[in-house]
Structures are given as C-alpha cells and as structure tokens.
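Read the structure below first, then the notes.
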Amino acid sequence: MSILVVLEQQGGQWHRMSWETLAAGQQLGVALGQPVEAAVVGKGIGTLANEAATKKLTKVWAVEHDLLESYTADGYTAAVEELVRKTQPSVVLFPHTYQVRDFAPKLATRFSQVLVSDVIAARVDAGALTLVRQFFQGKLSGDVRVSGAGPVFASLQAGAWRADALESGSAAVEAFAPALSADKIRQKPEAPFREAARAVDLTAAEIIVSVGRGIKEQSNLPVVEDLAKAFGAELAASRPICDAGWLPMERQVGSSGQTVAPKVYIAVGISGAIQHLVGMKGAKTIVAINKDPNAPIFEVADYGIVGDLFEIAPALAAEVRKAKSA
Amino acid sequence: MKIIVAIKQVPLRDSPLHPDSSGKWIDEGDLSFEINEPDAYALEEALQLKEKHGGEVVVLCAGPERAAQTIREALAKGADRAIHIAADDMGSLDTLGVAKLLAAAVAPEKPDLILTGLQSDDLGSGQTGVVMAELLGAPHSTIIMQVEAREGSIRVKRELENGWFQHIEMPLPAVLTMQSGSNKLRYATLMGIKKAKSKEIRRVTPVDLGFAAAAVATIEKVYVPQKSKQTQIFEGDAKTAAAQLVEKLKFEVRVL
C-alpha cells in the first residue's frame, strides 16, 4: 500500500498548491506508515519530474503522452485511472484546483468511490483515516470517513498544509505511458485567454477596502467608496459584487480574481467563503466588519467589529480622517 | 434542444446553523429553503438556450416534500415540466448516490444537454454534475460561464483560475456545471406563476428508479470550526469601536 500524490502543472509551470499537497502526502505517509509516490502528468514534463524527485518520496511517476499536452477531463481521467490501477494506492491526494474539480470526481466514480473535496485536515486514529472538510461555505466543519474497496480520493484546500514543511530527499523517476486514444477524448480545448489587460493592479496596493454581499445594493456602494478614500486604499470586492456588475471584475479578490497581500485588508460585509479567503489571507493585517460574529472571515481576521456596516463604515472613515489630520 | 436542469434546494443564505441531535447534520427544523444559487444560474442558461433555439427545459430535483416549492418556482420562471425524485433521507446518500439517482431519472429522457450548478451551498462537494456525466457516459465541462450551441455540439467558455478563461468544444449530449454570475437571473412573472400551476411535476421514488446503494463517504460529525486565530474584537457603539480600531492601525500596524 502506498500514497499517491497527483501534482499539477500547466505548460511546464507548477501549480503552487502542488507542494502543499506533497507535504500533506508526506505527513500522511508517516501517520499511516506507507511510502509516498508522486505523479506528474502532461507532455514534456521531464524537468518537473526530476524536480519532484528531490523531495522525500519513494518514486515519481512521469505520466507522459502527446494527448496530455493540453488538459482535458477525458484525457487526464484515463491517464490517472491507469496509473492508479497499476500502483493500487490506499490514498490518492490532489490539490483542490479548478482542474482537479473538473476531472477527479469522474476518476473517483470509476473506482465506485467519492472524491472527498476541499479537505482542510486529516487524522489517523488506530490506522483509520478521517478527513475534515467544510460545509456551508466554511460555516461548519465535518469529519468524513470513507469505506469501500477502492482507494480514498481527496483534494486538499489551498493553504491547509504548508509547502515549507516539505521534506527533501531523493526519489527514482519512472516513466509511465498511458494507453490513450484521441477518439476517446471528447473535449476539444482552445488556448486559455484573459478578457482584457487589467487596468487595476490590486497586488500593488498597501491598503485594500473590500466589500461583499453585506452591502446589499449597488446604491449603497458610496459607503465603502468613502471608507477607501479615507484610508487612501484601493477598493476591491468579493465575487458576488462583481458578478452583479456593481464593480468591475478587475476589482475581484479570490480564487477566480486577484490574489493580494497588502499591509492591511479591510473586509466589509464579506462572510469569507474559502474562494475569497484564498485570495486575501496572505495580507499582513486583516480587519473584518460583519454583522455575523460566526462569519468565517473572523477565522482569519486580526481585528474585528461585529455590527451593522452602515453604521461602522462611516464612523471608521471619520475616525481615520481624524487620525490622519492629527 | 432538450435540456435537463438538475437543481437542489438548500437552506436560505445566512440561516442560523446548528448541529442536530445526531451531530451528523444540521437541525433543519426552523430553516427556510431556496434554490441553490449556482443552480439558479444553470436554470437561467437553460431558459435562454430554449429562447434562442427552441426545445424543452425539464427541471430535475431530488429532495423531500419541501423541495416541491423550489420546483414550482423553477416552473414559474419558465421551465416546461419537472421531475421530483421524492427522497426523504437525502442525508444518507453521498455524492455518488445522489448522482446515481439523478442519472437514473435523466437517462430515459434522452436530453441533448444537462446543466447544473458548479456546487451546492450546503454540502459544497462540487461533484454531482461531473459524476452524473460519468454515469451517463457523456462528456462534461465545469465552471462554465457561457454556452454556444452548434450543430450536434456545444462550445463553452470555462473559467480557469486567476482571471483566465478557455473555450472548449464537445459533442452532445453533454453535462455542464454552471458558474454563478454567468447571466442575469430572471424573476417569475405573475403569468409564469399562474401557468406553473398546470405544469407537470412527475414524482418518482428511489425505488421506482431501481436505486439501492450504500454510501461510501459518510459524515461522522459536523461542528462549528474551532478558531485558530485570536481575533481582537472591538466592542461598544460604532464610534467607540472605530476609534479603537484606528488606534491599533495607527500605533501597532502603523499604516495611518
């Protein structure tokens, strides 16, 4: 029995979550007393496989095929399925990326299993594995146990494990050529693109005032615009605000928007769904203003005010101006 | 184009959530329910495709009796008919079980396209559509922003991370999971609400669908997460709290 960690790369570049997942795999390997192997999937991935082989692993599988050059759900599912059938791991770990969300559930189904997605912690009690994941957008956590004959499939949440805990070592690289055929790959992907050049670079901002659903209506936006002005901050938003067209997409912070790490991030009326948190939890200081004391945003906040943002934001803007003119 | 939209009924956003006496799920006693938000976008996309290309939109929902209300609302928005998989104990099913139920109801309908939301606001596993596609032997794509129907195929705009997108073409029938915000949602009109009363809701049970499966993934316990970070909360009225916060930002964080 072994643990298999499926790393993610695109066009020869690692996805940053790959190393976190590998670190989690190493820790789980110790807890379960099992060797840990990694897989790199794609075309022309020799360099990446060699780099992965400098980590403490028993083996790195270089899963290579011309048909894996561009990601497709059908191609990746078939390739990883073949590797899993060959190596028969007890646990298969993935980073919880958009790409993994696209194919790992399909893969797990082929083993009559369920992917346990967006996992934030793992425990081993007397050899039995318990996975912890979030429900209701982070408002509740839950312990999940997996039974059944196939391996346990799990995808791990961004930031739940630390990449700097990764142990170095030396592993053998073994090439694995899956038997893929073009007619079995039904998705025809085109080249990725960006909508337009971003006029707003939130990553350069020292202070960001960010607004979420709590603002209720577009006509209420001046409340936070004024707060941003008082701080001399950039204005940002969580996804629902940009989806509604109240602020342009380029001001969106989160997994589908920008990732920011300002000195101060002031979250106003943002509950803190994980898709938002991954985009801002690297901020040096986080301030949360929210009416719900149990909102997940307080999980990452250094300072908080619980209450009505329509009272607090204007009061805060006034106090900031007072402090600046003092 | 015949489109099936799989929707789920979930607790209203901002509902108070407390574990129930079993500790394995939440106490639903006092909660109100609504359509899962990404599913509402899937329904909207289906209705727009029908407006452009003609055809039929069938709503599919697995859930207890209360789900009938959410189904009626979908019909009032313009869906043509509905299939309600009446299942009281959805909690005993895992994603594979739910997807098997849905797939069993979808298969005899032979739709061209199956849409659903990219994830549910309650369980949030984000897999039901993908698993259903695998069970039906259909191609799929996830986190979709736009759908363009072509002859026998579709071309979709898929969201990637960090502001990137990609177009993907695939043959029909196919399964897509829709991203929130991909369209502007419509409201039900009075006429729509009136018409919905005479639209067909076919009720089937898991037994009718020949369903018998044990869950492989089970929730042992749900709980309010333990805070790992010490948050300093400022109390008092708005002015007092704001003044304390500014004090910290000025003298400890040193940004003012």
Side-chain angles (χ1 to χ4, degrees), chain A residues 73-74 97-98 101-102 105-106 109-110 112-118 134-137 139-148 186-190 192-195 206-207 239 243 255-257 263-264 285 287 294 298-307 311-312 315-316 319-320 323-324, chain B residues 14 17 19 26 94-96 99 121-127 130-131 133-135 139-143 159-171 180-181 216-225 227-229 231-234 238-239 241-243 245-246 248-250 253 255-256:
Chain A
D74 283 346
T97 62
Y98 278 31
R101 288 160 72 177
D102 195 59
K106 182 178 174 75
T109 306
R110 295 205 174 162
S112 296
Q113 275 293 345
V114 170
L115 171 74
V116 184
S117 60
D118 215 6
Q134 296 174 315
F135 298 98
F136 294 96
Q137 317 244 354
K139 286 173 196 150
L140 291 179
S141 291
D143 293 350
V144 179
R145 292 285 277 272
V146 178
S147 57
R186 297 162 294 184
Q187 297 93 353
K188 307 291 172 219
E190 299 171 25
F193 64 95
R194 272 192 156 142
E195 296 280 66
E206 284 223 329
I207 307 179
R239 182 168 188 123
D243 278 349
S255 54
S256 52
K263 270 194 185 160
V264 182
T285 301
V287 178
N294 295 320
F298 288 113
E299 180 67 25
V300 299
D302 300 281
Y303 302 113
I305 301 178
V306 178
E311 287 177 23
I312 294 161
L316 183 56
E319 291 297 325
V320 169
K324 278 188 166 179
Chain B
D14 297 331
L17 303 171
I26 54 159
D94 57 17
T95 314
L96 183 58
D121 287 338
D122 52 359
L123 284 171
S125 79
Q127 312 181 36
V130 179
V131 176
E134 172 66 15
L135 296 173
H140 78 272
S141 193
T142 55
I143 321 186
E159 184 181 298
L160 306 174
E161 290 167 34
N162 300 314
W164 289 83
F165 299 92
Q166 182 177 36
H167 285 112
I168 298 172
E169 187 165 358
M170 73 197 85
S180 291
V216 287
T218 48
I219 301 171
E220 303 276 306
K221 188 171 104 171
V222 292
Y223 44 92
V224 177
K227 275 181 68 73
S228 53
K229 192 163 180 175
T231 307
Q232 187 172 358
I233 300 283
F234 301 111
K239 187 176 186 311
L245 173 58
V246 166
K248 287 281 175 202
L249 293 178
K250 185 162 182 171
V253 187
V255 289
L256 290 174

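To find a chain, count down the sequence lines: A is the first, B the second, and so on, and within it residues start at 1.
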Do the side chains of A:L140 and B:Y223 get nearer than 4.5 Å, heavy atoms only?
-> no

Side chain, backbone, both or neither: which part of A:I312 has a non-hydrogen atom closer than 4.5 Å to chain B?
-> both

Approximate separation, where rounding is to 0.5 Å, of A:S255 OG and B:E161 CD | 7.0 Å

Engaged part of A:T285 at the chain B interface, taking heavy atoms whose separation is under 4.5 Å = side chain

Decide yes or no for B:L245 and A:E319: does some side-chain heavy atom of the first lie under 4.5 Å from some side-chain heavy atom of the second?
-> no

May I ask you to name which of B:V216, B:L17, B:T95 has the most heavy-atom pairs under 4.5 Å with chain A?
-> B:V216

Under a 4.5 Å heavy-atom cut-off, does chain B meet the side chain of A:D118, its backbone, both or neither?
-> neither

Residues B:E159 and A:R239 bridged, charged N to O under 4.0 Å = yes

Can you tell which of A:K263, A:R186, A:E311, A:K188 has the highest number of heavy-atom pairs within less than 4.5 Å of chain B?
-> A:R186

Side chain, backbone, both or neither of B:K250 within contact of chain A (heavy atoms, under 4.5 Å) = side chain

Salt bridge present between B:K229 and A:E299 (N-O < 4.0 angstrom) | no

Is there side-chain contact between B:V222 and A:F135, with heavy atoms separated by less than 4.5 Å?
-> yes

For A:V264, is it the side chain, the backbone, both or neither that has a heavy atom under 4.5 Å from a heavy atom of chain B?
-> side chain

Please say whether more than 12 non-hydrogen atoms of neighbouring residues, nucleotides or ligands are located less than 6.0 Å from CD in B:Q232.
-> yes

Examine distances only and state if a side-chain atom of B:T231 and a backbone atom of A:D302 form a donor-acceptor pair shorter than 3.5 Å.
-> no

Give the member of A:V146, A:V114, A:V287 that has the highest number of heavy-atom pairs under 4.5 Å with chain B.
-> A:V114

Best-contacting candidate, B:V224, B:V255, B:L256, B:D121, against chain A by heavy atom pairs under 4.5 angstrom | B:D121

Quick check: does any side chain N or O of B:E169 sit under 3.5 Å from a backbone N or O of A:Q187, one acting as donor and the other as acceptor?
-> no

Report the option among B:D14, B:D94, B:L160 that has the most heavy-atom pairs separated by less than 4.5 Å from atoms of chain A.
-> B:L160

Out of curiosity, B:E134 CD to A:D74 CG, how far, rounded to the nearest 0.5 Å?
-> 8.5 Å

Based on non-hydrogen pairs under 4.5 Å, which of B:G126, B:A241, B:A243 is most in contact with chain A?
-> B:A243

Whether A:R101 side chain and B:I143 backbone form a donor-acceptor pair below 3.5 Å | no

Rounded to the nearest 0.5 Å, how far apart are CZ of A:F193 and CH2 of B:W164?
-> 10.0 Å

Under 4.5 Å heavy-atom distance to chain B, tell me which part of A:E206 shows up: side chain, backbone, both or neither.
-> neither

Any idea which heavy atoms bring A:S141 and B:P225 closest together, and the distance?
-> OG-CB, 3.5 Å

With no hydrogens and no angle check, is any side-chain donor or acceptor of A:D102 less than 3.5 Å from a backbone partner on B:T142?
-> yes

Specify which of B:L135, B:L249, B:L123 makes the most heavy-atom pairs with chain A at under 4.5 Å.
-> B:L123

B:S180-A:D243 side chain donor-acceptor pair, cut-off 3.5 Å | no

Tell me, do B:K248 and A:Y303 make a side-chain contact under 4.5 Å, heavy atoms counted?
-> yes

Check each atom of B:V253 against the heavy atoms of chain A and say whether the ones under 4.5 Å are side chain, backbone, both or neither.
-> side chain

